[in-house]
Chemist: 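Mind having a look at this structure? Questions to follow.
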Amino acid sequence: MVGTGGTAVPLNLGSPLKDWVSDEDLSPYRAMSAKTAVTAAIGGIHGYELPDVVREDYLASYTGQRFADQLPYVRAYPAELPVLGELLPRLEPPVQILAGRNDAVVPPENAEYLDLHLPNSKLDLIDVGHFAWEEGTDAYTDVVTRWWEAN
């Protein structure tokens with residue numbers, strides 16, 4: 001089960017992910033509070049109100065410099081995604097790719113790229129944005145359940 005991550009070569013990323021990958025000056029991200037980072041992220045969730053316990057978990061996950069500390073992962077996309085792209089045709093396990101058709105952060109072309117390059121994949125795009133599991137709970141659950149039962 002994969003989805004909502006940058007994979008396409010050449011890069012195809014939306015905001016704010018594209019900025020995180022390409023900005024030369026990381027000091028604004030280092031100065032960003034956990035509350036600011038989390039509020040910005042969850043502000044993009046449509047049609048779903050996060051329970052307080054989930055909101056608190058998000059906040060705890062980004063305390064201190066944790067937001068800035070995770071940036072090297074996405075900043076490695078330009079160097080590492082082409083390498084991954086070369087390896088994808090050799091991966092034989094079944095892979096369910098699930099992403100939001102309206103994802104502006106990680107456009108669906110990333111999921112389509114995976115589907116094109118993985119030999120044993122199935123792609124489902126659901127009518128939601130970046131937070132597919134929150135915004136489209138029923139559709140997301142249906143895809144996961146059908147894939148699990150089939151594999």
Chemist: Please report the shortest heavy-atom distance between Gly6 and Leu13, naming the atom on each side.
Modeler: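 That would be CA-CD2, 4.1 Å.
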
Chemist: To the closest 0.5 Å, what do you measure between CD (Glu112) and OG (Ser121)?
Modeler: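 Going from the CD atom of Glu112 to the OG atom of Ser121 covers 11.5 Å.
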
Chemist: List the residues meeting salt bridge (charged side-chain N to carboxylate O under 4.0 Å, His left out) with Asp142, not counting sequence neighbours, and say none if there are none.
Modeler: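 Asp142 satisfies salt bridge (charged side-chain N to carboxylate O under 4.0 Å, His left out) with Arg146 only.
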
Chemist: With rounding to the nearest 0.5 angstrom, report the NE2 to CZ distance, His46 to Phe131.
Modeler: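 Spacing of NE2 (His46) from CZ (Phe131) equals 9.0 Å.
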
Chemist: Do Thr36 and Ser33 get their side chains close enough for a donor-acceptor pair, meaning under 3.5 Å?
Modeler: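 Checked: Thr36/Ser33 side chains pair up, N/O donor to acceptor below 3.5 Å.
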
Chemist: Between Thr141 and Trp133, is the side-chain contact (heavy atoms from CB on, under 4.5 Å) condition met? List the steps.
Modeler: CA-CA 8 Å; Thr141 301; Trp133 52 96; over 6 Å; no

Chemist: Which pair of non-hydrogen atoms, one from Ile45 and one from Glu135, has the smallest distance, and what is that distance?
Modeler: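 Scanning both residues completely, I find the closest heavy atoms to be CA-OE2, 3.5 Å.
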
Chemist: Between Ile97, Thr4, Thr7, which is the residue that forms a side chain to side chain contact (heavy atoms under 4.5 Å, CB included) with Asn110?
Modeler: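 Single side chain to side chain contact (heavy atoms under 4.5 Å, CB included) partner of Asn110 among Ile97, Thr4, Thr7: Thr7.
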
Chemist: So, Glu80 and Arg75, do they make that salt bridge, N to O below 4.0 Å?
Modeler: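 Result for this pair is no, no salt bridge flagged.
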
Chemist: Classify the side-chain pair Tyr113/Asn12 by whether it contains a donor and acceptor separated by less than 3.5 Å.
Modeler: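 No, Asn12 and Tyr113 have no side-chain donor paired with an acceptor closer than 3.5 Å.
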
Chemist: Closer than 4.0 angstrom, basic N to acidic O: yes or no for Lys122 and Asp124?
Modeler: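 Yes.
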
Chemist: For Arg101, give me all partners under salt bridge (charged side-chain N to carboxylate O under 4.0 Å, His left out), at least two apart in sequence or on another chain.
Modeler: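 Counting only residues at least two positions away or on another chain, Arg101 forms a salt bridge (charged side-chain N to carboxylate O under 4.0 Å, His left out) with Asp127.
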
Chemist: Please check: side-chain N/O of Gln70 versus main-chain N/O of Phe67, any donor-acceptor pairing under 3.5 Å?
Modeler: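 Judged by distance alone, yes, a pair lies under 3.5 Å.
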
Chemist: Tell me whether Asp23 contacts the main-chain N or O of Leu26 through its side chain, where contact means a donor paired with an acceptor under 3.5 Å.
Modeler: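 It does not hold such a pair.
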
Chemist: Does the side chain of Tyr77 come within less than 4.5 Å of Leu17's, by heavy atoms?
Modeler: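 With C-beta onward as the side chain, the pair touches.
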
Chemist: Side chains of Thr137 and Tyr140, heavy atoms from C-beta outward: is any pair under 4.5 Å?
Modeler: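 Of all side-chain heavy-atom pairs linking Tyr140 with Thr137, none is under 4.5 Å.
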
Chemist: Is it true that a side-chain atom of Asn151 and a backbone atom of Trp147 form a donor plus acceptor pair closer than 3.5 Å?
Modeler: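 Flag set: sc Asn151 to bb Trp147 pair under 3.5 Å.
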
Chemist: Rounded to the nearest 0.5 Å, what separation is found between the CG atom of Asp115 and the CD atom of Glu109?
Modeler: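 Here the rounded value is 13.0 Å.
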
